[in-house]
Amino acid sequence: MTGLLPTAFALARPIAASLVVLATCAAQAHEGAPTSFASVTVDDARLHYSLTTTSQPPPGDPRSGSPGASTGATVGGPARMASLVARHLRIEADGHRCQPGAADFEPPVPPRLSTTYNIEFRCPATIRTLRVTDDSFDFIGRGAHILMQLQVAGQGQPTAEPVLLADERRSAAFDIQAAAAVATDGRPPSGSRTAATEEAPAGAIGFLPLGIQHILEGWDHLLFLLALVLPGGSLGNLVRIVTAFTIAHSLTLGAAALGLVTIPAAPVEVLIALSIGWVAAENLARVKPMSRRWAVAFAFGLIHGFGFANVLRDIGLPRDALLSSLLWFNVGIEFGQLVVVLLLVPALAWLRGLRSGSSVPQALSALILATSVVLVVQRL
C-alpha cells in the first residue's frame, strides 16, 4: 500500500494540472461564442434584416455609424452594435448591392437575454434572387453561428428552409420567386431552389455540428460524464447510465427550449457544478452500487438539459425553426457524448489494469470534487 501512494500522487499531479485548466474552461462553458438568429424579410425592392443575439459590441471601436445608416446611432452600447451589424452586412439583389438605411435595436425582454438589431435595406429593383453575406463573425466571435430565415412579405410562414452561417460559411443565396411559390402552393417549381446550400447548410440539420461542438466545449458536462463512468462496471450498467442521462437531458432540453419550462440560467449553472461534486463524492464514499447509478444520472441529467437549452432559448428562435433545430442539436449532443464515452471507457479500463491503477478512480474523483467546489464558488 505504501508503494501505491507515491505512484498515485505521481499520476495525480498532471491530472490535477489538467483539471485546473478544465475548471477555468467550465466556468465559461456557457459563455462562449453564441448562436444568433437572423430574419430576412423581402418586400418588393425593400429588405428588412433583423439579428437577435446575446453578443455585445466589442470595446474600443470609435466608429458610430456607416454610410446610409441611421445618424442617430451613438458610440455607446446597443446603438453602436446596430451600426456595426449594418456595416458588416453585404446584401446583393440580382447581382446589385443594396444600400443600408435606418439601424435600431430592441432591448431584451425577460427571460430572454438577447437584443434584436434591425437594419433596413433599399435595393435597385424588385428582388428576385438574393445573396446575403454576413461578416459579423469578425466581432461576435469566430466560433459563433447565425441561423438565417427568409420571409417574403405578405406570407404567413417562413418561405425557405433556414440556413446556418458560420465563420467559414458567411454567405447564403435565396431564390425569392421560388420561395414565394413554396409559400403559395406548398411545393417548389420544377428545378428551382429556395436556398442555395453551397455556401451554408440549408435546414435545421446545420444544428447537428453545433450540438457536437457544444458538448465538446462544455467541460462541465464532460467532467460529469467522467465522474459517472469512473467506477467502471459492466457494459450493461454503463449503457444504462449513459442512456438515462441522455433521456433526462433530452426531456428538459426540449421543454425549456420550447418555452414550456423557464428556469434562470444562473442557478442552473450552479446546480450543474454541484452535480459534478455529488457524483465525485459518491465515487469516494462508495455509498451507492453502480446498479443504481443510472437513477443518479437521470436526476442530474434533468438539470444538465436546462444548461443545454440555454444555448437555444436565449436567442429567441421562432417555433417553426426551433422544433427541427432542437432535434438536430440534440442529435449532435448525443453523438459528441457517445464519442467521449467510447474514448473514456477503454482508457479508464487500461489505467485500472496498471499496477497502481486501482487508486486512479479515487484520485481522479477527489480532483473532480475539488474542481466542482471551484466551479460552485465561481458561479455563485
Side-chain angles (χ1 to χ4, degrees), residues 36-53 55 57 61 63-74 78-107 114-140 144-167 169-180 182-183 193-196 199-200 202 315-318 321:
S36 307
F37 176 72
S39 174
V40 179
T41 303
V42 173
D43 185 2
D44 194 40
R46 293 177 300 172
L47 183 142
H48 177 84
Y49 179 90
S50 176
L51 178 70
T52 301
T53 182
S55 294
D61 187 348
R63 298 173 295 179
S64 61
S66 63
S70 171
T71 55
T74 61
R80 183 165 66 86
M81 179 72 168
S83 178
L84 280 171
V85 171
R87 284 205 309 273
H88 286 77
L89 271 176
R90 181 180 180 90
I91 309 290
E92 295 173 283
D94 306 304
H96 299 287
R97 183 80 177 264
C98 301
Q99 296 304 314
D104 57 30
F105 67 92
E106 302 168 26
S114 50
T115 302
T116 298
Y117 303 94
N118 302 301
I119 302 101
E120 301 292 335
F121 285 85
R122 169 81 54 181
C123 302
T126 299
I127 303 171
R128 291 180 173 81
T129 62
L130 179 69
R131 179 179 294 274
V132 179
T133 302
D134 197 329
D135 290 323
S136 301
F137 300 99
D138 291 341
F139 61 90
I140 67 174
H145 295 79
I146 297 176
L147 184 70
M148 183 176 291
Q149 178 74 69
L150 174 70
Q151 175 77 51
V152 176
Q155 306 294 343
Q157 297 293 329
T159 48
E161 284 295 307
V163 295
L164 191 67
L165 301 184
D167 180 44
R169 299 181 304 273
R170 299 185 175 198
S171 294
F174 300 94
D175 185 331
I176 304 305
Q177 290 179 319
V182 170
R193 294 182 300 173
T194 56
E199 296 94 353
I315 65 176
L317 293 178

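Values below: every heavy atom of this structure, side chains too, minus hydrogens, waters and symmetry copies.
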| message | Please give me the minimum heavy-atom distance between Ala45 and Ala125, naming the atom from each residue. | response | CB-O, 3.4 Å
| said: If you compare all heavy atoms of Ala86 against all heavy atoms of Ala103, which two are closest, and at what distance to 0.1 Å? | reply: CB-CB, 4.5 Å
| task | For the pair Arg170 (side chain) and Asp167 (backbone), establish whether a donor and an acceptor sit closer than 3.5 Å, ignoring hydrogens and angles. | result | yes
| Partners passing side chain to side chain contact (heavy atoms under 4.5 Å, CB included) against Ala38 (at least two apart in sequence or in another chain) | Tyr49, Leu51, Ile146, Met148
| task | Check side chain to side chain contact (heavy atoms under 4.5 Å, CB included) between His48 and all other residues, then give those that pass, not counting sequence neighbours. | result | Thr41, Ser50, Asn118, Glu120
When rounded to the nearest 0.5 angstrom, what is the spacing between [atom1] in [X] and [atom2] in [Y]?
{"X": "Asp134", "Y": "Leu165", "atom1": "CG", "atom2": "CG", "value": "6.5 Å"}
{"X": "Gln99", "Y": "Ile91", "atom1": "CD", "atom2": "CD1", "value": "11.0 Å"}
{"X": "Leu47", "Y": "Ile119", "atom1": "CG", "atom2": "CD1", "value": "10.0 Å"}
{"X": "Cys98", "Y": "Arg122", "atom1": "SG", "atom2": "CZ", "value": "10.0 Å"}
{"X": "Ser83", "Y": "Tyr117", "atom1": "OG", "atom2": "OH", "value": "12.0 Å"}

| task | Go through the structure and list residues passing ring pair (Phe, Tyr, Trp, His ring centres under 6.0 Å) with Phe139, not counting sequence neighbours. | result | His88
| message | Using side chain to side chain contact (heavy atoms under 4.5 Å, CB included), reason through Thr129 and Ile176 one step at a time and then give a plain yes or no. | response | CA-CA 6 Å; Thr129 62; Ile176 304 305; over 6 Å; no
| Heavy-atom check, side chain of Thr115 versus side chain of Thr53, under 4.5 Å | no
Would you please name every residue forming a salt bridge (Lys or Arg N to Asp or Glu O under 4.0 Å) with [X], sequence neighbours left out?
{"X": "Asp43", "value": "Arg46"}
{"X": "Asp94", "value": "none"}
{"X": "Arg90", "value": "Glu92"}

| Steps toward side chain to side chain contact (heavy atoms under 4.5 Å, CB included) verdict (Leu89, Phe121) | CA-CA 10 Å; Leu89 271 176; Phe121 285 85; 3.9 Å; yes
| message | Would Ile127 and Phe174 count as a side chain to side chain contact (heavy atoms under 4.5 Å, CB included) here? Give the steps. | response | CA-CA 10 Å; Ile127 303 171; Phe174 300 94; over 6 Å; no
| task | Start with the C-alpha distance between Arg131 and Ser171, add both sets of side-chain angles, then the distance that settles side chain to side chain contact (heavy atoms under 4.5 Å, CB included), and finish with yes or no. | result | CA-CA 7 Å; Arg131 179 179 294 274; Ser171 294; 4.1 Å; yes
